Amino acid sequence: MDKQKYLDLYYQMVLIRRMEERGAELYQAGKIGGFMHLYIGQEAVSTGLIAARQPQDRVITAYRDHGVALNCGIPVSQIMAELLGKSTGVSKGRGGSMHMADVTKNFWGGHAIVGAHLPLATGLALGDKYAGRDGVTICMFGEGATNIGFFHEALNLSKVWTLPVLWVCENNMYGMGTAVGRASAVSEIQQKAEGYGMAHERVDGMNVLAVYEAAHKAIETVRSGSGPRMLEIMTYRFRGHSMGDPERYRKHEEVLKWEEQDPIGVFHAYLTTNKQAADKDLDEIDQRALAEVQKAVEFAEASPEPALESLFDDIYYTEEV
Amino acid sequence: MARLSMREAISQAMWEEMERDPNVFILGEEVGVWGGSYAVTKGFYDHFGGERVRDTPIAESVIIGATIGSAMTGLRPIAELMTINFAFAAMDHIVNEAAKLHYMFGGQFVLPMVIRAVTGGGRQLGATHSQTPDVIFAHFPGLKVVAPGTPEDAKGLLKAAIRSNDPILFLEHATLYQMRAEVPDGDYVIPIGKSKVQRAGKDVTIVTYSKGLEISMKAADELEKQGIQAEIVDLRTLRPLDMEPVIESFKKTNRAVVVEEGWKSFGVGAEVSARIYEQAFDYVDAPVRRVAQKEVPLPYNRTLEQSALPQVADVVAAVKEVL
């Protein structure tokens, strides 16, 4: 990986962080409605993972999707506009925080029913296999999704049909407020892949390069036709599950301890220690990210509301007869 | 024209569409090697191969999930659910994904997919395998629900469904598979969302669909002997619901009976009669009557089961009440 790529990964992580900090402010100011789940703390997972994909590889994820959307190439302005429910949003203001997608960027959403997008991922992968394309479907989900039937039906079918899927479990230790050990029969989620005869690996999700390396190897192995695999990426969210989380289920000290491993801080130290970047370069990137977010907020605030007449658009592809 | 059973008409529609478009494929439980639980896909596996006629595990969520996902990539999957009762195990994917994805992402995702499911009671299969829950699925904007009552309509509507770019639930009544009638050969396509007058008459309008059509036709024969001419409007599609031919007929007869196999509460009869009152109140000469299944989980015992299902005599009696 060359220096420019390192700096780009750093930029993406900082951009996600700044974008979501502003998002939280706008939410508290009442400008963003509904549920909003922040990715803060988990940025290295999606950033490292998606940096390892090729353009033909599809990405599908759950509702904690702002960072993933950004890593897939959706501009902050369109993400911000979607959060504000504007017509310029990536889903035209129809989806909101949990339902962002951009087919042109091979990003297939943004799905808010826990685990329900895993069966969809098998279908995306089947589409590529059926057509003889070499794309890999990268399906991200939280460890909480591994306790629902969808997970098991999807993993099983992917193996039976040798589908090109990389299953990526983001283990952030809590399904909402329930610690993994209180909800899952095995706390080491990767063991569940064993039940489907699937290769698996546990990865440090606070280290963007570790994620990138593991993802690159796994994606290319899947592309070679060897069938689905699973990565369990160990991470931690620094904020609540959603904006309305009283956080009674964990101690503040635990959060502080994890914050010592802040993926942005870890990568900052790596870059400066290994002389890939000077403090000054990284400060510049921070400023660039702040400016980008500011521009995006201005764009979103200035964007029009969806027209009332558009309410019935796109219920069906064809008009009702 | 050829005289085909409903089963043969459905099978022919799929066969022709698979020959026509390599993106059309079938998936479901026992659709391949077995030839289909109701033999609708008999011979398909040998002709089209295992890539296009895909046997799945018994896992309805992923059957429908894979159907949706592959449709999003541009394929045209036809999923077979062995019975509509198993759709409940895939309810999230039908309701929260198939019916929503096109709208919720601003029109980006296109879902050219068909879910074929066997519906209906009357075969002594007990309460869990005998339901006619068609209307439940018609409740959700974003989904289309087609339920033909003749072999001709089955062929034409299924071909339209396979070519459509919307998610469509296609309901086949289990006891209609043997019904035989003339079916046009070759490329015969009927637009989805059009009700049809299946029998002309002037004294009363019977509104029905699917299995209800067969019952209503027999009832109309009996009524005819008694000098009563019933007009039968077959809805054919529950969503979108085409009321035009219903209202047109009602304005002529001023009397209506709605016949369905599902339960009466919140059913097709409730919807259609409400719309008649909304759209043609000035033409009402008698309260609209509803013939439907008695409000009980269907029992196994044949006599008990038949007593709970709508019968020809029930339709005849209801017509006499409104006259």
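Protein chains get the first letters and strands the later ones, always in sequence-line order, with residue 1 at the start of each. Treat the numbers as computed from the prediction; the structure is a model and nothing was measured.
- B:Leu27 touches chain A through its side chain: at least one heavy atom from C-beta onward sits under 4.5 Å away, while N, CA, C and O do not.
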Is there a side chain to side chain donor-acceptor pair (under 3.5 Å) between A:Thr318 and B:Lys144 once you walk through the steps? CA-CA 11 Å; A:Thr318 44; B:Lys144 290 185 178 179; 3.2 Å; yes

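- The two residues A:Arg94 and B:Tyr103 come nearest to each other via the heavy atoms NH1-O, 3.2 Å.
- Residue B:Phe88 places its CZ atom among more than 12 non-hydrogen atoms of other residues, nucleotides or ligands, all under 6.0 Å distant.
- For B:Gln279, the CD atom is densely surrounded, since the number of other residues' heavy atoms within 6.0 Å is greater than 12.
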Which atom pairs, one a donor and one an acceptor, fall under 3.5 Å between side chains of residues 112-120 of chain A and the rest of the protein, sequence neighbours left out?
| unit_1 | atom_1 | unit_2 | atom_2 | d |
| --- | --- | --- | --- | --- |
| A:His117 | NE2 | A:Met140 | O | 2.7 |

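- Other residues, nucleotides and ligands place no more than 12 heavy atoms under 6.0 Å from the NE2 atom of B:His139.
- Heavy-atom pairs under 4.5 Å with chain A peak, among B:Ala66, B:Gly107, B:Pro112, at B:Ala66.
- When the salt bridge (Lys or Arg N to Asp or Glu O under 4.0 Å) test is applied to A:Lys105, the partners found at least two apart in sequence or on another chain are A:Asp102.
- Taking CD from B:Glu51 and OH from A:Tyr130, the interatomic distance works out to 8.5 Å, rounded to the nearest 0.5 Å.
- At a 4.5 Å heavy-atom cutoff, the contact between B:Gln108 and chain A is made by backbone and side-chain atoms alike.
- Contacts with chain A (heavy atom to heavy atom, under 4.5 Å) involve these residues of residues 89-96 of chain B, listed by number: B:Asp92, B:His93, B:Asn96.
- Distance check, rounded to the nearest 0.5 Å: OG1 of A:Thr122 to CD1 of B:Ile68 gives 10.0 Å.
- Environment of CZ in A:Phe35: sparse, with no more than 12 heavy atoms of neighbouring residues, nucleotides or ligands closer than 6.0 Å.
- Using a 4.5 Å cut-off on side-chain heavy atoms (C-beta onward), B:Val62 and A:Phe151 make no contact.
- At a 4.5 Å heavy-atom cutoff, A:Ile148 makes no contact with chain B through either its backbone or its side chain.
- Smallest separation of non-hydrogen atoms from B:Phe25 and A:Leu126: CZ-CD2, 3.8 Å.
- Contact count versus chain B (heavy atoms, under 4.5 Å) is highest, among A:Met100, A:Arg58, A:His99, A:His152, for A:His99.
- Here the straight-line distance linking atom CE of A:Met98 with atom CE of B:Met104 works out to 8.5 Å at 0.5 Å rounding.
- With hydrogens and angles disregarded, no donor-acceptor distance shorter than 3.5 Å links the side chain of B:Asp166 to the backbone of A:Tyr316.
- Ranked by heavy-atom pairs shorter than 4.5 Å toward chain A, the options B:Leu75, B:Thr73, B:Val110 are led by B:Thr73.
- B:Arg236 pairs by the side-chain hydrogen bond (donor to acceptor under 3.5 Å, both in side chains) definition with B:Asp153, not counting sequence neighbours.
- Considering every non-hydrogen atom in both B:Phe109 and A:Ala101, the closest pair reads CZ-CB, 3.6 Å.
- Taking a 6.0 Å sphere around CD of A:Gln56, one finds it holds more than 12 heavy atoms contributed by other residues, nucleotides or ligands.
- In this structure, chain B has heavy atoms under 4.5 Å from both the backbone and the side chain of A:Val103.
- Taking the ring centroids of B:Phe105 and A:His111, they lie under the 6.0 Å cut-off.
- Options B:Ser61, B:Pro77, B:Pro167 differ in how many heavy-atom pairs under 4.5 Å they form with chain A, and the most are formed by B:Ser61.
- A heavy-atom distance below 4.5 Å is found between the side chains of A:Asn156 and B:Pro57.
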Worked check of side-chain contact (heavy atoms from CB on, under 4.5 Å) between B:Met72 and A:Leu124: CA-CA 7 Å; B:Met72 285 159 81; A:Leu124 295 174; 4.2 Å; yes

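- Contacts between B:Ile64 and chain A at a heavy-atom distance below 4.5 Å are absent for every atom of the residue.
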Dump the intermediate steps for side-chain contact (heavy atoms from CB on, under 4.5 Å) on A:Trp161 and B:Thr56, then the final yes or no. CA-CA 9 Å; A:Trp161 285 358; B:Thr56 65; 3.8 Å; yes

